[in-house]
Amino acid sequence: MTTADIIAAGVFRILERPITADELIPHVLTDAYGAVATFSGTVRNHARGKHVTGLAYEAYPEMAEAEMRKIAAEVYAQWPDCRVAMLHRIGKLDIGEVSVAIAVATPHRKESFEACEFAINRLKETVPIWKKEAYDDGEVWVEGVAPSAEGASAGSA
Amino acid sequence: MTTADIIAAGVFRILERPITADELIPHVLTDAYGAVATFSGTVRNHARGKHVTGLAYEAYPEMAEAEMRKIAAEVYAQWPDCRVAMLHRIGKLDIGEVSVAIAVATPHRKESFEACEFAINRLKETVPIWKKEAYDDGEVWVEGVAPSAEGASAGSA
Amino acid sequence: MAETFSVTVRLFAVFREALGASALTREVAPGTTVGGLLAQLIAEHPGLDGAEKAVSFSVNRVYASAETVLQAGDEVAFIPPVSGGQLSHGERQMSSRR
Amino acid sequence: MAETFSVTVRLFAVFREALGASALTREVAPGTTVGGLLAQLIAEHPGLDGAEKAVSFSVNRVYASAETVLQAGDEVAFIPPVSGGQLSHGERQMSSRR
């Protein structure tokens with residue numbers, strides 16, 4: 001299989017239901033791999049010094065999944081012998097629930113951690129997903145990183 | 001709770017049944033944590049250039065669990081605001097099955113990866129667990145790292 | 001004046017809330033840029049004041065610069081800063097494209 | 001000659017297989033070290049030839065040096081190299097105690 005085939009067959013999804021990292025393991029683990037690193041992002045009860053009472057995620061689903069596949073291509077360029085899969089949940093989440101899950105399988109463990117951390121860092125930078133946090137005294141769209149246009153200048157107006 | 005209390009209440013187990021990383025998440029995640037990194041070690045179909053047909057793990061269970069708790073103490077010394085849990089399976093395992101699972105929860109993601117990778121590296125160095133690999137042409141106890149006596153000289157005869 | 005054509009605008013987060021819609025079909029004049037379209041919408045919707053500060057753009061689901069000239073049938077979106085999240089304790093996430 | 005006393009020996013992996021037991025109670029003379037006890041067992045069991053090369057020791061479930069002098073009731077084990085595993089592709093694991 002080519003890298004494009006592997007990415008096309010991979011799991012990169014925006015879902016409106018509870019997600020877990022373990023559900024990704026069958027999609028990344030092969031008999032040749034001995035290591036699986038996962039990352040789960042969960043909803044904290046505090047953020048920006050405030051008590052969080054609720055949280056909702058919104059995505060641009062088609063573009064978010066396309067950006068996840070681009071991240072997978074970046075992962076495979078750096079770690080050719082691995083498999084990565086990613087899920088992001090949207091909608092309302094409770095404290096402690098998983099918002100994002102990534103799994104990376106590799107032959108040996110060092111690369112599984114490296115590739116998994118790279119993938120979540122890139123996902124937080126480029127995948128169009130937004131978070132609205134509710135506090136005791138109101139709610140706000142959390143301002144994060146402004147993604148930049150591919151290659152050249154930043155897309156800021 | 002003191003660190004000793006946290007370790008005493010933690011999950012550090014040698015088990016003779018299938019294990020998963022996700023089963024550790026409820027034991028490490030609190031409402032204040034937003035990140036969980038896990039590592040699962042799985043049985044590969046190849047090792048040392050040979051086709052692996054089967055594998056069995058054996059442990060010194062009481063000492064293995066005690067060594068896991070020592071690793072937890074090392075983790076908490078370096079990353080005071082986290083929780084770690086570890087499982088290792090013993091007995092016969094099939095290709096693709098999970099032999100070791102570690103989960104680390106932290107407020108933010110960078111520390112979850114760092115602490116989880118530290119924990120699995122230390123587990124592989126110090127926890128008394130042995131692996132017998134079966135190949136098409138025989139079987140062998142896999143030679144790994146000789147643990148050294150605490151502090152001073154190596155325990156090699 | 002040349003004939004206008006239509007583009008689809010996908011609206012998310014603050015944009016969806018300010019315009020009360022998750023998508024709209026918009027007539028634009030030839031030569032209109034993505035940034036120009038945003039300026040039009042901001043002028044029409046006071047609730048978007050300041051929304052242009054940190055926004056990024058996509059055209060046909062790919063990040064694009066503000067200067068991108070729209071074509072008939074394009075799907076445009078204004079991308080507020082993505083949710084990001086803290087990389088580490090006390091540390092703001094550093095964006096580094098590779 | 002001083003009276004002997006008994007220690008428990010836990011046997012794992014190659015030791016368990018060579019001695020055909022997972023534990024045994026052994027009488028030792030005062031002053032016997034953990035390494036000395038291993039030498040006795042190797043002398044008695046030709047199947048253990050070479051087993052002393054990489055082995056570590058534990059006394060009462062804590063790693064101990066070969067020179068540790070046994071006390072009555074001690075639980076001793078000979079710890080073959082732990083299973084380790086490769087840290088990375090093509091790289092042998094580096095042991096670094098911190």
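These numbers come from a predicted model, not from an experiment. Every chain is numbered from 1, with letters handed out A, B, ... down the list of sequences.
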request  = Flag the pair B/Glu97 and B/Arg89 as a salt bridge only when some basic side-chain nitrogen lies within less than 4.0 angstrom of an acidic carboxylate oxygen.
outcome  = yes

note = Given A/Ile95, A/Val98, A/Val104, the one with more heavy-atom pairs under 4.5 angstrom with chain B than any other is A/Ile95

ask   = Out of curiosity, B/His108 NE2 to A/Arg44 CZ, how far, rounded to the nearest 0.5 Å?
value = 4.0 Å

query = Can you tell me how far the CD atom of B/Glu65 sits from the CG atom of B/Leu15, to the nearest 0.5 Å?
reply = 7.5 Å

query = Which residue out of B/Gly41, B/Ala35, B/Ala47 racks up the most heavy-atom pairs below 4.5 Å with chain A?
reply = B/Ala35

task = Check each atom of A/Phe113 against the heavy atoms of chain B and say whether the ones under 4.5 Å are side chain, backbone, both or neither.
result = both

Most contacts with chain A, counted as non-hydrogen pairs under 4.5 angstrom, among B/Val52, B/Val100, B/Ile25, B/Val36 = B/Val36

note = When the 4.5 angstrom heavy-atom criterion is applied to B/Phe39 and chain A, the contacting part is both

Check: A/Phe12 and A/Ile71 side chains under 4.5 Å, non-hydrogen atoms = no

task = Give the member of A/Ala101, A/Ser112, A/Cys116 that has the highest number of heavy-atom pairs under 4.5 Å with chain B.
result = A/Cys116

Check: B/Ile7 main-chain N/O paired with B/Arg69 side-chain donor or acceptor under 3.5 Å = yes

